[in-house]
Amino acid sequence: MTLSPRLPASVLLPALLFAQVAVASAAERVRVPSPWIAGQSVAYDDEALQRDAVGVDGPSTRRITDRTEIRVESAGRDGIVLAWTTHDSRVEAVDGDRVMADLLAPVLASLDEVPVVIELDGDGRYRRVRDLDALAGRVRAAMLPAFLANLERTLGSGAKIDKLGRDDALEAARRDLQANMDTIVSRDSVEAGAAMQQRLLSAFVGKTLVAGRRYTDREPIRSPIEGRPLPGLREYTLEIDRDDPALARIRWTHRLDAGAAPAALWSLAKELGADALGDGRPADLALEETGTLLFRRDTGVVELLQTDERSKYGAAHDETGRHRMRRVGAARTWAQEEAARQR
């Protein structure tokens, strides 16, 4: 047994009060550190669940899973280089039309085991995807056969036409598709898909936040297909995890600024299927994301990440999605995180 000396209350009480204040102060202010250290790797189990409510052949839901490894190739004041590699990618048509699942399957297969190099600045914020043109070319090459197969299916299911007329129409459609692949699968859309997860992981890096305080800013929100920055409104709060004070959680809501300039709003509407630009602001246009980020306070390593998104424009487009990342080996489960959300 270890014996402690007995101190007078006049000495002990101020010391205890000082310790309590120091602990409270440390708990209330949390800096979100950049987690990237050269030579280290972290792996995540990924799941994306996406639902299209107004597809050509009716509503459909697809599920994509993989394991993603992030290796820190270099890290310093001038920048950080990360190599993202996916393994065992799978896409499943949960219900409804499976056309999109069939389009995505060869793309996922072509990118499995192929590192995608992402550069950050020295503070850990997203800078660019390295060799983007080569990556875009790889994605287009993987998608073209599926697009061509879909053309044959579409022409075959339409109005009855003679074989010669069908063959001529199909050949013209093939030429048009091949000539426009750079536009259909644009460089910007490939970057948006490749960088989405990294943007989420680093969204709050470098910020010092007071637990329980509500923050608002005008962080641009990215369009869902092309990844273009649009006027946004973001609200977020930080809390210390009740079960493990070494963890902190950021919850946020990020939405399109409905009062933004009409040109910006119509650019999103066009991306989501608007046939023409109208006067004033487009009606029934929405873009919103809610998210939760659970990270280690000492290292900044993200344990869990979940986002829920919705993009909508009238009857032309209505998609919702949920994306989850869980660090391989993390003690926290999704069931535990759901219980924390309900508190």
Side-chain angles (χ1 to χ4, degrees), residues 48 50 52 54-62 64 66 84-86 89-93 96-118 128-196 222-228 266-277 311 313 316-319 321:
Q50 300 166 317
D52 182 356
V54 291
V56 174
D57 295 317
S60 63
T61 304
R62 59 190 177 275
I64 300 172
D66 66 59
W84 286 62
T85 307
T86 58
S89 297
R90 292 180 173 83
V91 58
E92 170 192 4
D97 181 48
R98 62 171 298 113
V99 169
M100 185 56 71
D102 291 340
L103 286 173
L104 289 174
V107 177
L108 298 177
S110 73
L111 296 178
D112 245 13
E113 313 297 334
V114 177
V116 174
V117 179
I118 295 179
R128 71 178 184 125
V129 174
R130 186 180 289 180
D131 298 327
L132 180 57
D133 289 331
L135 177 63
R138 191 181 189 96
V139 171
R140 292 177 190 125
M143 293 191 79
L144 181 59
F147 275 135
L148 291 172
N150 192 45
L151 274 181
E152 295 182 9
R153 184 183 71 89
T154 302
L155 287 175
S157 63
K160 291 183 178 180
I161 55 176
D162 59 62
K163 183 178 186 302
L164 181 60
R166 179 182 180 278
D167 289 346
D168 288 345
L170 182 57
E171 182 58 31
R174 284 172 175 163
R175 289 197 300 269
D176 184 64
L177 174 64
Q178 291 171 330
N180 290 282
M181 276 299 288
D182 287 4
T183 301
I184 297 169
V185 183
S186 70
R187 189 176 187 273
D188 287 345
S189 68
V190 173
E191 181 181 17
M196 179 196 70
R222 299 275 166 176
S223 65
I225 300 172
E226 297 293 326
R228 290 176 294 107
W266 278 110
S267 71
L268 175 61
K270 185 176 180 181
E271 182 176 312
L272 300 185
D275 294 326
L277 306 185
S311 54
Y313 174 62
H317 178 98
D318 189 357
E319 291 193 4

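- Once rounded to the nearest 0.5 Å, the distance linking CZ of Arg175 with CG of Leu170 reads 10.0 Å.
- With rounding to the nearest 0.5 angstrom, the OG atom of Ser223 is 4.5 Å from the CZ atom of Arg228.
- The shortest distance between side-chain heavy atoms of Leu272 and Pro224 falls below 4.5 Å.
- For Glu226 (side chain) and Glu271 (main-chain N/O), no donor-acceptor pair under 3.5 Å exists by modelled atom type.
- A distance of 10.5 Å separates CZ in Arg98 from CG in Leu103, rounded to the nearest 0.5 Å.
- Side-chain contact between Trp84 and Ile118 is present, with heavy atoms from C-beta onward closer than 4.5 Å.
- Between Leu148 atom CG and Leu177 atom CG the span is 5.5 Å, to the nearest 0.5 Å.
- The backbone N or O of Leu104 lies less than 3.5 Å from no partner atom in the side chain of Arg62, so there is not a single donor-acceptor pair.
- For the pair Ser189 (side chain) and Ile225 (backbone), a donor-acceptor distance under 3.5 Å is absent.
- Among residues two or more places apart in sequence or in another chain, the salt bridge (charged side-chain N to carboxylate O under 4.0 Å, His left out) test is passed with Asp182 by Arg140.
- At a threshold of 4.5 Å between non-hydrogen side-chain atoms, the residues Val139 and Ser110 do not count as touching.
- Among residues two or more places apart in sequence or in another chain, the salt bridge (charged side-chain N to carboxylate O under 4.0 Å, His left out) test is passed with Arg138 by none.
- No more than 12 heavy atoms of other residues, nucleotides or ligands shown are found within 6.0 angstrom of CG on Asp131.
- Under the rule for a salt bridge (charged side-chain N to carboxylate O under 4.0 Å, His left out), the partners of Glu92 that lie at least two apart in sequence or sit in another chain are Arg63.
- By the 4.0 Å N-to-carboxylate-O rule, Glu191 lies too far from Arg187 to be salt-bridged with it.
- With rounding to the nearest 0.5 Å, the separation of CG in Asp102 from CE in Met143 is 11.0 Å.
- Side-chain atoms of Asp112 come within 3.5 Å of backbone N or O of Ser89 as a donor-acceptor pair.
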### Message
With side chain to side chain contact (heavy atoms under 4.5 Å, CB included) as the criterion, how do Ser60 and Met100 come out once you've worked through the C-alpha distance, each side chain's angles and the decisive distance to 0.1 Å?
### Response
CA-CA 9 Å; Ser60 63; Met100 185 56 71; 5.8 Å; no

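- Within 6.0 Å of CG on Asp275 lie no more than 12 heavy atoms contributed by other residues, nucleotides or ligands.
- Here Asp52 contributes atom CG and Ser311 contributes atom OG; the two are 9.0 Å apart, rounded to the nearest 0.5 Å.
- At least one side-chain heavy atom of Ile64 sits less than 4.5 Å from a side-chain heavy atom of Leu108.
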